[in-house]
Protein chains: 2
Amino acid sequence: MARANLSPAVVVAAAAEMADRDGFEAVTLSALARHFGVQTASLYSHVRDRAALLAGVHELAMAELSDRIAMATAGRSGRDALVALAEAQRDYARQSPGRWTALQRGSAPSPASARLVSLTWAVLRGYHLSDDDLVHATRLLGATVNGWIALEGNGFAHRDPSPDVSWGRALDALDTVFHSWSST
Amino acid sequence: MARANLSPAVVVAAAAEMADRDGFEAVTLSALARHFGVQTASLYSHVRDRAALLAGVHELAMAELSDRIAMATAGRSGRDALVALAEAQRDYARQSPGRWTALQRGSAPSPASARLVSLTWAVLRGYHLSDDDLVHATRLLGATVNGWIALEGNGFAHRDPSPDVSWGRALDALDTVFHSWSST
DNA sequence: GCCCCAAACCTAACACCTATAGGTTTCCAC
DNA sequence: GTGGAAACCTATAGGTGTTAGGTTTGGGGC
């Protein structure tokens, strides 16, 4: 029984790849075991249980996403930063649908999720919001972007105008709202 | 073997109740069979497979929700109608979390989902939007409300200001945006 | 190289799930 | 009472997650 040289990180990474390739629901301990050529029970040396595996995928995805957002928003402010933040999330969801679903299904606090909140606050900094309005804005922005991505994933009815245009209008709307909330 | 007097509607209704009581993931054909005191295989006389069962729950929930929204928005216009539409959905999600999850997980077109779109359009009628903007607004409203409910379900960080206040501010923002898009 | 030990693997078993095929029972119409 | 369809059951197959205990591997110390 040669060793497959597994580790928690290797198992979680493979689960994330599998989620994107085969869909979130296809990620099972059994499927991963087949992928690595070991018995299902062997994976318990590396992950406590299925929930811990999925939490690992969530954490990996959150780290990747916050990196993506940091890159996209660096050097931008105001509306440009807002658009970059939103686009980064939409792009990530499209390119990594399985990882995105893992993010939606889990909610563990992590350094990366705190980082995401900080990045959001940084983007909103350009609007000079009061402390309270900053929280309102963070919630509204998160809700709108996440809700959009979820609805879009289900496929907006295929009608004009194109969802890309609607998306642009939605972001413009958010920009306008945050400006109107500005305390300066 | 006395008959349990099952029918597709009875099975789907029990699944919906079970989803709200025990959680969406707890709804299995096995669990339903135990609930009715029959063997699991017997349920296949009434539902084609698990997916069809969950589609039934989705359809039932969509019908209930659109009824709720119709009642809540009747006789209201403008901002009041908008708030009523949004509140009806948020209330429904809170009172019937399992049903709500069934709605998020499925996307089958049905008479009730078409009705929901019509109700949304009726609510937005008060804003006198162009045809294109009506679609943009429908998408933005759906995304914001659904995204909010999803994030709230995961539990906004427990901090001031309260999520209820943020919710009110979010609806105000939507109202303002739709007014600004008005073609009259 | 040998020995020891911990970790990584396997086997066996169990409980649970979905779904099919074929058999049995119930109920209703005639 | 009879016939037939539908509702039920049994048996089975294939799949999932998990635990307990056994076996093998690899690395460190001597």
Side-chain angles (χ1 to χ4, degrees), chain A residues 1-61 97-99 101-102 104-108, chain B residues 1-60 98-99 101-102 104-108:
Chain A
M1 58 183 68
R3 293 202 175 187
N5 292 312
L6 303 180
S7 69
V10 167
V11 174
V12 166
E17 292 302 314
M18 188 177 285
D20 286 343
R21 188 183 58 238
D22 302 329
F24 180 77
E25 308 292 344
V27 179
T28 64
L29 284 160
S30 310
L32 278 170
R34 282 191 298 272
H35 168 76
F36 288 120
V38 300
Q39 300 302 309
T40 303
S42 308
L43 294 180
Y44 290 92
S45 303
H46 307 285
V47 294
R48 189 181 60 250
D49 56 18
R50 180 167 189 268
L53 172 72
L54 296 179
V57 175
H58 179 280
E59 191 173 331
L60 176 155
R99 284 166 158 85
T101 302
Q104 305 311 304
R105 299 281 174 83
S107 60
Chain B
M1 59 182 71
R3 297 204 170 184
N5 292 313
L6 303 181
S7 69
V10 167
V11 174
V12 165
E17 294 300 313
M18 189 178 284
D20 286 344
R21 187 182 59 238
D22 302 329
F24 180 76
E25 307 293 342
V27 179
T28 64
L29 285 159
S30 310
L32 278 170
R34 282 191 295 275
H35 168 77
F36 288 119
V38 299
Q39 302 301 308
T40 304
S42 306
L43 294 181
Y44 289 93
S45 302
H46 307 286
V47 293
R48 189 178 61 250
D49 56 18
R50 182 166 187 266
L53 172 71
L54 296 180
V57 176
H58 179 280
E59 191 173 330
L60 175 154
R99 284 164 157 87
T101 302
Q104 305 310 303
R105 299 280 174 87
S107 60

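To find a chain, count down the sequence lines: A is the first, B the second, and so on, and within it residues start at 1. All values below come from the heavy atoms of this structure, side chains included, with hydrogens, waters and symmetry mates left out.
- Exactly one residue among B/L32, B/L53, B/D49 makes a side-chain contact (heavy atoms from CB on, under 4.5 Å) with B/L43. That residue is B/L32.
- Separating the CZ atom of A/R3 from the C1' atom of D/dT24 is a distance of 8 Å, rounded to the nearest angstrom.
- Nearest-nucleotide assignment on DNA chain C puts the 5′-proximal partner with A/T40, out of B/A2 and A/T40.
- Residue A/S30 has a polar side-chain atom (N or O) positioned under 4.0 Å from OP1 or OP2 of D/dT16.
- Within the 4.0 angstrom heavy-atom criterion, no nucleotide atom of any strand lies near B/R48.
- In terms of heavy-atom proximity, A/A102 sits nearest to A/H58 at O-CD2, 3.3 Å.
- Nucleic acid contact for B/R50: sugar-phosphate only, since backbone atoms but no base atoms lie under 4.0 Å from a heavy atom of the residue.
- Atom pair B/F36:CZ and D/dA7:P shows a separation of 14 Å (rounding to whole Å applied).
- Rounded to whole Å, atom P of D/dT16 lies 13 Å from atom CD of A/Q39.
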Candidate pair B/F24 and B/V57, rule side-chain contact (heavy atoms from CB on, under 4.5 Å), full reasoning: CA-CA 10 Å; B/F24 180 76; B/V57 176; 5.8 Å; no

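- Residue contacts shown for B/T28 are limited to sugar-phosphate atoms, with no base heavy atom under 4.0 Å away.
- To the nearest 0.5 Å, atoms CD (A/E25) and CZ (A/R105) are separated by 5.0 Å.
- Once you apply a 4.0 Å limit to the heavy atoms of chain A, the touched nucleotides of DNA chain C run 5' to 3' over C/dA7 to C/dT11.
- Residue whose closest nucleotide on DNA chain C sits further toward the 5' end, between B/A41 and B/M1: B/A41.
- Interatomic distance, A/R99 CZ to A/D20 CG, rounded to the nearest 0.5 Å: 4.5 Å.
- Heavy-atom contacts from other residues, nucleotides or ligands closer than 6.0 Å to CZ of B/R48 number 12 or fewer.
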